[in-house]
Student: 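Have a look at this one.
First the proteins, then the strands, lettered A, B, ... as listed; each starts at 1.
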2 protein chains.
Amino acid sequence: MEASGISMDDLLDSLRRSGLRVTPQRLEVYRVVAVSKSHPSVVEIYEAVRRIIPSISMDTVYRTLWTLSQIGLTSPVSSSGDRVRFDSNRSPHHHFICAKCGEIRDFTSGSLDDMPIPREAGDFGDVWGAHLEIRGLCRNCRKPGRNSKRKEPEHG
Amino acid sequence: MEASGISMDDLLDSLRRSGLRVTPQRLEVYRVVAVSKSHPSVVEIYEAVRRIIPSISMDTVYRTLWTLSQIGLTSPVSSSGDRVRFDSNRSPHHHFICAKCGEIRDFTSGSLDDMPIPREAGDFGDVWGAHLEIRGLCRNCRKPGRNSKRKEPEHG
DNA sequence: ATGCATGCAAATGCTTTGCAGCGTG
DNA sequence: CACGCTGCAAAGCATTTGCATGCAT
């Protein structure tokens, strides 16, 4: 897991700094999200973790994900209306969200990374990170006839 | 309602262009979201519309909001984990989201508005709009002792 | 030792869906 | 006049919660 550039040490530090306990469940849930290339849903994370810790339960996954998000290690990504999904906060990236099918695609942008955080935002509190969220119509949904409903995303 | 800069004509055009029917429910739901300064939840929108169209039902509000979102007139804003909220797409703005309490604050930024959409995003499809999403810790949650749980946001 | 974290299972609601009648185009 | 849209009520299901036990500190 160290191979993919994930630092479990950072996780340990973050947990301890926040006065939270280091448990196998937390380690594994984090690892799964961190390794994932997409935006795993809670069930997907649950399934993956279960292969390592068969006794883990759904609610622990939920609780863990919120805990990790609260200390900045993961972020809920919401396809909004769909079930919640999670992103690890390593390697900053941005989202293209299709307004029609709800699909979320990642992209990176050097020019955006250089962009300074507007000070207006800093007035609200501590800024941990930022990403651009772009709404539009994906190639698939642009095609006539492809009237993809939100609940049956034809993927793209 | 024209007073607040909302163009009902745009709504009519958009609906017709998409082959959708113009109904009082759609007009009113859109108006409520467009007028709102914050990020109304579905229930809040429902309550507001009900004052004008007492017979409207919750599911119509849901359906209408998704419909409007699919043609780009509103956007689901997800406090993620919380219930869905909606934003009208007039006047571009950005979001500061507190990782701890989930509160979403708006801000505008001239410098950001000038920022070009990275072409990487355009590869995915048609771009309708973009906004920056900043995660961090709000002033309230920064204070020690204020361990605001996600479900009981102490507001800020 | 001391409590936070976990698992289990039941509860909670938000959100969706099927269908008949109505209103828009 | 035809078909999309609405309302109603019931179903679906993602997410949360209470509690006893286990484990990290």
Student: Just to verify, what does B:Arg51 make a side-chain contact (heavy atoms from CB on, under 4.5 Å) with, not counting sequence neighbours?
Tutor: B:Ala48
Student: Which of residues 44-56 of chain A have a heavy atom under 4.0 Å from DNA chain C?
Tutor: A:Ser55, A:Ile56
Student: Taking protein heavy atoms under 4.0 Å as touching, what does nucleotides 18-25 of chain D look like 5' to 3' if B marks base contact, S marks sugar-phosphate-only contact and - marks none?
Tutor: B-----BS
Student: Show every donor-acceptor pair shorter than 3.5 Å between a side-chain atom in residues 35-44 of chain B and any protein atom, with sequence neighbours excluded, or say none if there are none.
Tutor:
{"from": "B:Ser36", "atom 1": "OG", "to": "B:Ser38", "atom 2": "N", "distance (Å)": "3.2"}
{"from": "B:His39", "atom 1": "ND1", "to": "B:Asp87", "atom 2": "OD1", "distance (Å)": "3.3"}
{"from": "B:His39", "atom 1": "NE2", "to": "B:Asp106", "atom 2": "OD1", "distance (Å)": "2.9"}
{"from": "B:Ser41", "atom 1": "OG", "to": "B:Glu44", "atom 2": "N", "distance (Å)": "3.3"}
{"from": "B:Glu44", "atom 1": "OE1", "to": "B:Ser41", "atom 2": "N", "distance (Å)": "2.8"}

Student: What residues, two or more places apart in sequence or in another chain, satisfy salt bridge (charged side-chain N to carboxylate O under 4.0 Å, His left out) together with A:Arg139?
Tutor: none
Student: What is the distance, to the nearest angstrom, from the OH atom on A:Tyr62 to the P atom on C:dT12?
Tutor: 18 Å
Student: Would you tell me if any nitrogen or oxygen in the side chain of B:Trp66 comes within less than 4.0 Å of OP1 or OP2 on C:dT16?
Tutor: yes
Student: Taking only residues two or more places apart in sequence or in another chain, which ones pass side-chain contact (heavy atoms from CB on, under 4.5 Å) with B:Ser18?
Tutor: B:Leu20, B:Ile71
Student: Which pairs of donor and acceptor atoms, one on a side chain in residues 115-131 of chain B, lie under 3.5 Å apart (sequence neighbours left out)?
Tutor:
{"from": "B:Asp126", "atom 1": "OD1", "to": "A:Arg142", "atom 2": "NH1", "distance (Å)": "2.5"}
{"from": "B:His131", "atom 1": "NE2", "to": "B:His95", "atom 2": "ND1", "distance (Å)": "3.4"}
{"from": "B:His131", "atom 1": "NE2", "to": "B:Glu133", "atom 2": "OE1", "distance (Å)": "3.1"}

Student: A:Met58 has an atom CE; how far is it from atom P of D:dT17, in whole Å?
Tutor: 15 Å
Student: Supply the members, apart from B:Val77, of the Ile/Leu/Val/Met/Phe/Trp/Tyr cluster built from side-chain contacts under 4.5 Å; use none for a lone residue.
Tutor: B:Ile97, B:Ile104
Student: For residues 56-63 of chain B, tabulate all N or O donor-acceptor pairs below 3.5 Å that involve a side-chain atom, not counting sequence neighbours.
Tutor:
{"from": "B:Ser57", "atom 1": "OG", "to": "B:Asp59", "atom 2": "OD1", "distance (Å)": "3.1"}
{"from": "B:Ser57", "atom 1": "OG", "to": "B:Thr60", "atom 2": "OG1", "distance (Å)": "3.2"}
{"from": "B:Asp59", "atom 1": "OD2", "to": "B:Arg63", "atom 2": "NH2", "distance (Å)": "2.3"}

Student: For the pair made of CG in B:Leu65 and C1' in C:dC14, what is the distance, rounded to whole Å?
Tutor: 14 Å
Student: At less than 4.0 Å, is any side-chain N or O atom of A:Gln25 found next to OP1 or OP2 of C:dG7? Yes or no.
Tutor: yes
Student: Taking side-chain contact (heavy atoms from CB on, under 4.5 Å) as the definition, give me every residue that meets it alongside A:Ile52, ordered by chain and number, with sequence neighbours left out.
Tutor: A:Glu28, A:Arg31
Student: Let me test you: for the helix from C:dA1-D:dT25 to C:dG25-D:dC1, what is the angle between the axes at its two ends (five pairs each), rounded to 10 degrees?
Tutor: 60°
Student: What is the distance, rounded to the nearest whole Å, between atom CZ of B:Arg26 and atom C1' of D:dT6?
Tutor: 10 Å
Student: Rounded to whole Å, how long is the line connecting atom CZ of B:Arg83 with atom P of C:dG13?
Tutor: 10 Å
Student: Is any side-chain N or O of B:Thr60 closer than 4.0 Å to OP1 or OP2 of D:dG7?
Tutor: yes
Student: Name all pairs fulfilling the salt bridge (charged side-chain N to carboxylate O under 4.0 Å, His left out) condition that reach into residues 64-74 of chain A, sequence neighbours left out, sorted by first residue then second.
Tutor: none
Student: Go through B:Thr23 and B:Arg21 one step at a time and tell me if the side-chain hydrogen bond (donor to acceptor under 3.5 Å, both in side chains) criterion holds.
Tutor: CA-CA 6 Å; B:Thr23 69; B:Arg21 294 189 176 171; over 6 Å; no
Student: What is the nucleic acid contact for B:Val84, judged by heavy atoms within less than 4.0 Å: base, sugar-phosphate only, or nothing?
Tutor: sugar-phosphate
Student: Fit a plane to each ring of A:Phe107 and A:His94, take the angle between them on a 0 to 90° scale, and name the class: parallel (under 30°), tilted (30 to 60°) or perpendicular (over 60°).
Tutor: tilted
